[in-house]
**Student:** 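Following this message is one structure expressed as structure tokens.
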Protein chains: 2
Amino acid sequence: MPRSRANSRERAATTARKESILSTALECFAEHGVEATTISDIQARAHCSVGSIYHHFGSKEGVAEALFISGIERLNRGMLRRLGGCQSGQECVKSVVYFYSDWSARNQKLARYLHSRDVEFSPAARERLKSIHLAYITEIYRLFAPFVENGELRVLPLETYVPLISGAIQEYTRRWLSGQGSSPARVKELFADAAWNAVKA
Amino acid sequence: MPRSRANSRERAATTARKESILSTALECFAEHGVEATTISDIQARAHCSVGSIYHHFGSKEGVAEALFISGIERLNRGMLRRLGGCQSGQECVKSVVYFYSDWSARNQKLARYLHSRDVEFSPAARERLKSIHLAYITEIYRLFAPFVENGELRVLPLETYVPLISGAIQEYTRRWLSGQGSSPARVKELFADAAWNAVKA
DNA sequence: GCAATTACTAGAATTGTATTCTAGTAATTC
DNA sequence: GAATTACTAGAATACAATTCTAGTAATTGC
């Protein structure tokens, strides 16, 4: 049980160093791509040694995976916080679109990185992502359930809600982040309405 | 003007070898991922030399880019062929969803590869992809235009049609290809209806 | 307070793979 | 049929990921 929970035994300096490595890695990846970024690049810009990176992350791929996972967790956490305050199904659904679009604009480098890859990862990382996603959609569904029960939202297969609601804005955002089209801010109403139409009863 | 047009000067054996390299690369990438695949892996399974790969594609990244681009072109070509025969806006829109879902199921390895990356590429490849995409949505819009004009479809910003129509099924398919949820075939009606609702007048 | 243990860092040495280079062979052109 | 071009081969090189050895700083148990 190496990772993540109850890091009370982990020194503060360690957490700081790990975060500094991850944020430096994001800068490097954003500038040159993952493949073109070398461990030396990260090591030099994060002011740490090669050994330190390997001690904490095991490999370059390990850095990439940790960055991806922490990014997904941040996005999910933010989304759930935002949805917690919604009063109606419509508000809930539209908030998904608004939050996604705002978050991506505020965290462009990270959003771009999250869009780029999850297929190259180790089986372990993939399992981890799957379980994170399952926990996330379970929570999402728990928030939506009341509105399904009161007839405001359609009853649909569990795994279709996320694509139906956020698939379109995600695809638009992905293209915007890679240089096509204009800012999602200008079209998010359109996508929010479409999302609502897709799942309202 | 090295690439792509009027390859009449290119020997048949050459075309065959290039295609054999690309299809071998797809097998290898699908099995181990791009990073973990070595030039030797490809070279051995394609029964050619290292020099041959470098002569045709310049680098490992070059192989990955060529594979990606040819995949996108195949997908786009198939889509346009399919849409050519549609009589109504509704048929057109729903056909996009059906074709996307069917094509992905028929070409899983390639579909999976196409979902995985386009951010790591060279500026040249990115430009190429942009122009391919522009040509594609222009053609799509040409097919849709009559139905926009006769009032069957809404008037929307050009670059929103593709995400609104195929964003949701793409996201669902992406998740399916990486092991989550059940086959798109079982839910494609749902996504086709949602697509239609998003763009009908 | 101090020995023992653990967590972390450093950087040199190794290993493995992408890429380059030299030398060809087969096809085409003139 | 000579010259040129397209292609292939595989050895040599260069470079970057990873491993290894030797530390230093913090923490724990006494």
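Quick caveat: nothing in here was measured; it's all calculated off a predicted structure. In the text below, chain A, chain B and the rest are named by the order of the sequence lines, each starting its count at 1.
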**Student:** Write out all pairs satisfying ring-ring contact (aromatic ring centres under 6.0 Å, His included) with one or both partners inside residues 159-183 of chain B, taking only residues at least two apart or from two chains.
**Tutor:**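 Sorted pair list: Tyr141(B)-Tyr161(B), Tyr172(B)-Phe191(B).
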**Student:** Expected output is a numbered-order residue list: members of residues 22-29 of chain A with a heavy atom under 4.0 Å from any atom of DNA chain D. What is it?
**Tutor:**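 DNA chain D contact set from residues 22-29 of chain A: none.
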**Student:** Starting at atom OH of Tyr54(A), determine the distance to atom C1' of dT21(D), rounded to an integer number of angstrom.
**Tutor:**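 Value for this atom pair: 17 Å.
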**Student:** When the distance from NE2 of His56(B) to C1' of dT8(D) is rounded to whole Å, what number comes out?
**Tutor:**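 Roughly 8 Å, once rounded to whole Å.
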**Student:** Please report the distance, rounded to the nearest Å, between NZ in Lys18(A) and C1' in dC8(C).
**Tutor:**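 Atom-to-atom, Lys18(A) to dC8(C), this comes out as 11 Å.
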**Student:** Not counting sequence neighbours, which residues clear side chain to side chain contact (heavy atoms under 4.5 Å, CB included) with Asn150(B)? List them please.
**Tutor:**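 With neighbours one apart ignored, the set is Phe147(B), Glu152(B).
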**Student:** Which residue in the set Glu127(B), Glu65(B), Arg128(B) passes side chain to side chain donor-acceptor pair (under 3.5 Å) when paired with Ser122(B)?
**Tutor:**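 Of all the options given, the one that passes is Glu65(B).
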**Student:** Could you note down all residue pairs passing salt bridge (charged side-chain N to carboxylate O under 4.0 Å, His left out) where residues 94-105 of chain A supplies at least one of them, sequence neighbours left out?
**Tutor:**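 Non-adjacent pairs meeting salt bridge (charged side-chain N to carboxylate O under 4.0 Å, His left out): Lys94(A)-Asp193(A), Asp102(A)-Lys188(A).
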**Student:** Can you tell me the distance, in whole Å, between the CD atom of Glu35(A) and the C1' atom of dA17(D)?
**Tutor:**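 After rounding, the reported distance stands at 13 Å.
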**Student:** Check whether any side-chain nitrogen or oxygen of Ser49(B) sits under 4.0 Å from OP1 or OP2 of dA9(D), and answer yes or no.
**Tutor:**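 Yes, such a contact exists.
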**Student:** Side chain to side chain donor-acceptor pair (under 3.5 Å): which pairs involve residues 76-88 of chain A, sequence neighbours left out?
**Tutor:**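 Every pair satisfying side chain to side chain donor-acceptor pair (under 3.5 Å) with a residue in residues 76-88 of chain A: there are none.
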**Student:** Within residues 38-47 of chain A, find the residues that approach DNA chain D with a heavy atom at under 4.0 Å, and present them sorted by residue number.
**Tutor:**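 Under 4.0 Å from DNA chain D: Thr38(A), Ile39(A).
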**Student:** Atom NE2 of His32(B) and atom C1' of dT17(C): how far apart are they, to the nearest Å?
**Tutor:**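 Between C1' of dT17(C) and NE2 of His32(B): 16 Å.
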**Student:** Nearest to the side chain of Ser52(B), which nucleotide is it out of dG10(D), dT8(D), dA10(C)?
**Tutor:**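 Per side-chain heavy atoms of Ser52(B), the pick is dT8(D).
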**Student:** Specify the separation, in whole Å, of atom NZ of Lys60(A) and atom P of dT19(D).
**Tutor:**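 It is 14 Å, rounded to the nearest whole Å.
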**Student:** Take the protein atom CD1 of Ile53(A) and the nucleotide atom P of dG11(C), then report the distance between them rounded to whole Å.
**Tutor:**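 Rounding to the nearest Å, CD1 of Ile53(A) and P of dG11(C) are 13 Å apart.
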**Student:** With sequence neighbours left out, what residues match Glu19(A) under side chain to side chain donor-acceptor pair (under 3.5 Å)?
**Tutor:**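 None.
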**Student:** Provide the full list of salt bridge (charged side-chain N to carboxylate O under 4.0 Å, His left out) pairs with a residue in residues 42-51 of chain B, sequence neighbours left out, each pair given once.
**Tutor:**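 For residues 42-51 of chain B, and leaving out neighbouring residues, the salt bridge (charged side-chain N to carboxylate O under 4.0 Å, His left out) pairs sorted by first residue read Glu31(B)-Arg45(B).
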**Student:** Whole Å only: how far is the CD atom of Glu61(B) from the P atom of dT17(C)?
**Tutor:**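 Rounded to the whole Å, the gap is 18 Å.
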**Student:** Report yes if at least one side-chain N or O of His55(B) is closer than 4.0 Å to OP1 or OP2 of dT8(D); otherwise report no.
**Tutor:**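 For dT8(D), neither OP1 nor OP2 has a side-chain N or O of His55(B) closer than 4.0 Å.
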**Student:** Given dA26(C), is OP1 or OP2 found less than 4.0 Å from the side-chain N or O atoms of Arg17(B)?
**Tutor:**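 For dA26(C), OP1/OP2 do not have a side-chain N/O of Arg17(B) under 4.0 Å.
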**Student:** Could I get the full list of side chain to side chain donor-acceptor pair (under 3.5 Å) partners for Gln180(A), not counting sequence neighbours?
**Tutor:**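 Expected list: Arg175(A).
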**Student:** Got Leu22(B) and Lys18(B) here, is their nearest side-chain heavy-atom distance under 4.5 Å?
**Tutor:**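 No - every pair of side-chain heavy atoms lies 4.5 Å or more apart.
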